[in-house]
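Have a look at the structure below before the remarks.
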Amino acid sequence: MDESSLEAAFIPALHKPTALLPIAKHRTSILYLVETFPVTIVVGQTGSGKSTQIPQFLENAGWCTDGKVIGVTQPRRVAAITVAMRVAEEFGCEVGKEVGYSIRFEDATSSSTRIKFLTDGMLIREALVDPLLSRYSVIMVDEAHERSISSDILLGLLKKIRKKRPDLRIIISSATLQAEDFRSFFSGPKGEAAPDDTHIDDIASIISLEGRTYPIDILYLDSPAEDYLEKAVSTVFKIHENEPNGDVLVFLTGRDEIEQAVQAVSEWSTKLPPGSQSILPLPLYAGLSADQQMYVFEEAPENFRKVIFSTNISEASVTIDGIVYVVDSGFVKLRAYNPKTGIESLTATPVSKASAAQRAGRAGRTRPGKCFRLYTEEAYQSLPDANVPEIQRSNLAPFILQLKALGIDNVLRFDFLTSPPAELMTRALELLYSLGALDDYAKLTKPLGMRMAELAVEPMMAKTLLSASSFGCLSEILTIAAMTSLGGSVWIQHEGEKKKTESAKRKFSVEEGDHLTLLNVYQAFVTKGRREARFCHENLLNFRAMSQAVSIRAQLKRYLERFGIKVEESLASPSASTANKAEQIRRCLTAGYFAHAARMQPDGTFRNVSGTTVLHAHPSSILFNRKADWVIFHEVMETANKTFIRDITKINKEWLLEYAPEFYKTS
DNA sequence: GAGCACTGC
């Protein structure tokens with residue numbers, strides 16, 4: 001056979017698939033770098049095997065002698081569990097033996113554990129007890145490019161620890177774009193120590209691993225879409241009509257949009273000619289129950305093309321097999337925090353290039369795929385490289401408290417990967433001061449501030465809990481703290497059954513507000529409902545959330561007992577007990593939430609104390625459309641149209657002056 | 001009279 005005939009038969013592929021190189025090929029170089037450099041930055045995509053293989057290479061190479069442990073942090077609990085399970089299997093041991101994991105409520109480790117997977121928040125907690133993290137020989141921070149607050153703070157701590165523990169080895173796993181940021185964070189800017197430019201960085205090095213993805217065609221719109229929701233739906237139709245088999249994943253921003261799109265597609269798909277392949281549209285967002293979420297993982301019935309309309313949950317947290325086409329709206333809902341008002345907002349924002357790449361990558365996991373971006377290539381070029389790190393757009397109070405508890409007094413000087421705006425710091429310090437966690441010199445108070453830092457709830461609730469004994473309602477406040485930390489997932493909402501949910505709620509409602517109502521729900525669950533799923537089902541309660549509340553409550557109780565605070569359990573429902581008990585609970589809540597006070601106006605809306613912000617009771621509140629005067633609330637959030645307050649309780653104005661005279665002395 | 005993306009101790 002001559003060469004020319006070969007050329008005639010084969011056409012070179014437009015895109016070459018990335019080589020399927022196993023990470024094993026890099027074993028020696030990784031070990032060399034970890035041996036030589038204090039900090040190693042590993043660049044590799046999902047699927048490169050870095051999280052599972054690198055810890056095993058290190059264990060094998062003797063990094064666990066003398067009882068030392070290799071710690072691998074993950075941003076999410078599920079990831080810590082699943083990676084630990086896979087590594088344990090490859091290692092040939094049970095989870096919890098040589099390979100284990102540690103997350104809130106679950107410690108699957110033992111004295112024989114050598115490779116330990118844990119959430120980054122958990123490792124920061126460990127530093128409270130063991131400030132130099134002396135048990136660990138190597139710490140690998142996985143998915144550091146996501147720039148969560150905890151992984152950012154962890155990196156700052158590790159940089160500090162490294163100076164006192166030169167033997168500690170740090171591995172940071174990152175996407176390509178951010179690798180250089182991490183390197184210069186640990187080594188200083190390139191050439192800083194060498195004016196002659198021949199300086200070889202002796203602190204941090206970067207290694208790249210090939211990922212295992214297939215090529216993906218990226219397609220842009222030639223002119224901007226007026227309505228990306230409409231465009232998303234019509235793009236799905238086009239894919240269905242023109243493209244070969246393969247499931248579709250559509251990225252939208254929220255529940256509303258997703259339900260609309262699912263509706264539109266299912267109406268349209270009934271008009272498909274009989275006999276042709278049909279479409280199965282499915283929603284996916286965090287608010288769905290576990291059962292409803294499971295549908296997206298099931299294979300579509302024969303002659304159906306699965307189309308999943310999803311929030312950002314599928315960008316990193318959830319992986320669905322069989323996706324060949326991705327439709328990217330180009331938007332995501334992001335949380336922001338306004339330090340001037342202390343109000344969080346949640347608004348649809350253009351995605352970053354990093355996010356867009358991650359979304360597109362979801363198409364190429366099993367075979368070559370296509371990504372339809374519902375924006376122009378020009379618009380893509382103007383997107384920011386990465387999202388603004390969480391630390392620059394969040395309420396920092398809980399983290400300042402943790403840093404202080406770790407002995408870092410001068411938080412303004414803390415070495416942040418990216419510094420938070422000064423206003424955010426000031427706001428957090430002011431709040432902590434007003435709660436009594438910090439003294440006039442911004443030092444952590446003892447025991448109050450120290451205990452607030454140790455409790456796994458946000459500062460205002462921590463203050464409430466630590467005040468509860470003196471109000472004689474600790475048992476009740478423990479329950480309320482657990483229930484509010486569920487973040488509104490107590491009730492199950494089925495589509496088109498809003499009325500049913502409302503009447504289910506009414507059964508437990510307490511006139512004074514949401515906190516006492518939540519207390520009522522919990523007490524009914526553990527007594528009448530015997531903590532069973534059936535009770536939840538009958539009352540439209542979220543069983544998973546209620547069980548979670550039981551665990552959180554138990555954990556908080558253990559903390560308090562460790563502080564020497566006695567918890568006297570009482571299971572009387574607030575309505576059945578004296579009115580005095582309910583009042584004590586409301587007073588106690590005021591002692592922690594005085595900064596979240598508002599007063600109802602004649603028009604039914606609320607104003608904050610300074611009168612500057614119009615607040616609306618969230619429709620999920622018992623006080624929605626009811627009359628009230630002064631209230632305190634757990635949470636405030638701004639959406640596109642309105643600013644809502646959630647978990648609201650009626651109080652007396654005098655209590656504010658009684659429990660926060662400093663805070664309210666001018667008003 | 002109307003709605004919150006995601007994660008964590």
Side-chain angles (χ1 to χ4, degrees), chain A residues 73-80 102-107 118-129 143 146-154 251-259 284-288 310-318 329 331-336 344-349 351 355 387 390 393-394 398-399 401-402 405 452-459 461-462 481-482 485-489 491 493 495 498-499 501-502 548 551-552 555-556 558-559 603-605 616-621 623-626 635-647:
Chain A
T73 71
Q74 295 290 334
R76 281 167 285 276
R77 291 195 281 188
V78 267
S102 175
I103 58 174
R104 189 181 187 184
F105 305 127
E106 238 184 306
D107 184 14
L118 69 176
T119 46
D120 27 35
M122 197 70 187
L123 191 60
I124 296 177
R125 292 251 144 201
E126 287 191 6
L128 278 176
V129 188
E143 317 287 1
E146 286 188 21
R147 303 293 308 271
S148 72
I149 289 197
S150 353
S151 82
D152 266 23
I153 286 185
L154 186 58
F251 283 100
L252 297 172
T253 69
R255 180 166 88 182
D256 234 35
E257 280 175 13
I258 290 172
E259 297 296 353
L284 180 62
Y285 47 86
L288 289 174
S310 170
T311 63
N312 226 25
I313 193 171
S314 340
E315 194 181 297
S317 314
V318 167
S329 65
F331 284 90
V332 63
K333 269 190 190 163
L334 277 185
R335 184 161 57 185
E344 283 188 331
S345 61
L346 199 58
T347 36
T349 321
V351 293
S355 269
N387 286 332
E390 210 179 13
R393 51 184 169 90
S394 309
F399 298 91
L401 206 50
Q402 282 201 329
M452 282 174 63
E454 283 181 51
L455 282 170
V457 287
E458 23 131 36
M461 187 53 90
S485 65
L486 296 175
S489 54
W491 303 94
Q493 281 250 25
E495 271 176 87
K498 283 176 193 168
K499 284 220 173 103
T501 317
E502 288 310 309
Q548 180 86 346
S551 313
I552 294 175
Q555 188 191 37
L556 294 175
R558 282 196 301 275
Y559 277 120
D603 67 356
T605 63
H616 297 261
H618 192 275
S620 66
S621 173
L623 294 183
F624 181 72
N625 271 355
R626 303 241 189 126
E635 209 174 34
V636 51
M637 174 148 293
E638 190 186 334
T639 64
N641 310 312
K642 280 179 181 173
T643 304
F644 291 100
I645 51 177
R646 283 179 36 137
D647 291 339

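In the text below, chain A, chain B and the rest are named by the order of the sequence lines, each starting its count at 1. All heavy atoms count here, side chains included; hydrogens, waters and symmetry mates do not.
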Within the structure, does a side-chain N or O atom of [X] lie under 4.0 Å from either OP1 or OP2 of [N]?
{"X": "A/Arg335", "N": "B/dT7", "value": "no"}
{"X": "A/Ser620", "N": "B/dG3", "value": "no"}
{"X": "A/Thr639", "N": "B/dG3", "value": "no"}
{"X": "A/Lys642", "N": "B/dG3", "value": "no"}
{"X": "A/Ser150", "N": "B/dC9", "value": "no"}
{"X": "A/His618", "N": "B/dC4", "value": "yes"}

Check A/Tyr285 against A/Glu259 and note the closest heavy-atom contact, atom names and distance.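 Closest approach of A/Tyr285 to A/Glu259: OH-OE2, 2.5 Å.
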
Looking at every heavy atom in both A/Phe644 and A/Pro619, which two are closest together, and how far apart are they?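 Taking A/Phe644 first and A/Pro619 second, the nearest heavy atoms are CE2-CD, 3.8 Å.
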
I'd like to check the side chain to side chain contact (heavy atoms under 4.5 Å, CB included) partners of A/Asp256; sequence neighbours left out, ordered by chain and number.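 Partners of A/Asp256 under the side chain to side chain contact (heavy atoms under 4.5 Å, CB included) test: A/Gln260.
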
Among all residues two or more places apart in sequence or in another chain, which pass the side chain to side chain contact (heavy atoms under 4.5 Å, CB included) test with A/Ser394? A/Ile149, A/Glu390

Rounded to whole angstroms, how far apart are [atom1] on [X] and [atom2] on [N]?
{"X": "A/Asn312", "N": "B/dC6", "atom1": "CG", "atom2": "C1'", "result": "7 Å"}
{"X": "A/Ile103", "N": "B/dG8", "atom1": "CD1", "atom2": "P", "result": "8 Å"}
{"X": "A/Phe331", "N": "B/dC4", "atom1": "CZ", "atom2": "C1'", "result": "18 Å"}
{"X": "A/Asp120", "N": "B/dC6", "atom1": "CG", "atom2": "P", "result": "18 Å"}
{"X": "A/Leu486", "N": "B/dG8", "atom1": "CG", "atom2": "P", "result": "14 Å"}
{"X": "A/Ile149", "N": "B/dG8", "atom1": "CD1", "atom2": "P", "result": "14 Å"}
{"X": "A/Phe399", "N": "B/dT7", "atom1": "CZ", "atom2": "P", "result": "15 Å"}
{"X": "A/Ile645", "N": "B/dA2", "atom1": "CD1", "atom2": "P", "result": "16 Å"}

Identify, between A/Pro75 and A/Leu334, the residue whose nearest nucleotide on DNA chain B lies closer to the 5' end.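 Of the two residues, A/Leu334 wins.
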
Between A/Leu284 and A/Glu458, who's closer to the 5' end of DNA chain B by nearest nucleotide?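 On the 5' side of the pair lies A/Leu284.
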
Give one of base, sugar-phosphate or nothing for [X], where a contact means two heavy atoms less than 4.0 Å apart.
{"X": "A/Thr119", "result": "sugar-phosphate"}
{"X": "A/Arg104", "result": "base"}
{"X": "A/Phe624", "result": "base"}

Look at the side chain of A/Glu126 and the base of B/dC9, then say whether one donor and one acceptor between them are separated by less than 3.5 Å. no

Between B/dG8, B/dA5, B/dG1, which nucleotide gets closest to the side-chain atoms of A/Lys333? B/dA5

For the side chain of A/Arg125, starting at C-beta, report the closest nucleotide among B/dC4, B/dC9, B/dA5.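 Output: B/dC9.
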
What do the steps show when you test A/Glu315 against A/Ser355 for side chain to side chain donor-acceptor pair (under 3.5 Å), and what is the final call? CA-CA 8 Å; A/Glu315 194 181 297; A/Ser355 269; 2.9 Å; yes

Look at the side chain of A/Thr349 and the backbone N and O of A/Thr347, then say whether any donor-acceptor pair between them is shorter than 3.5 Å. yes

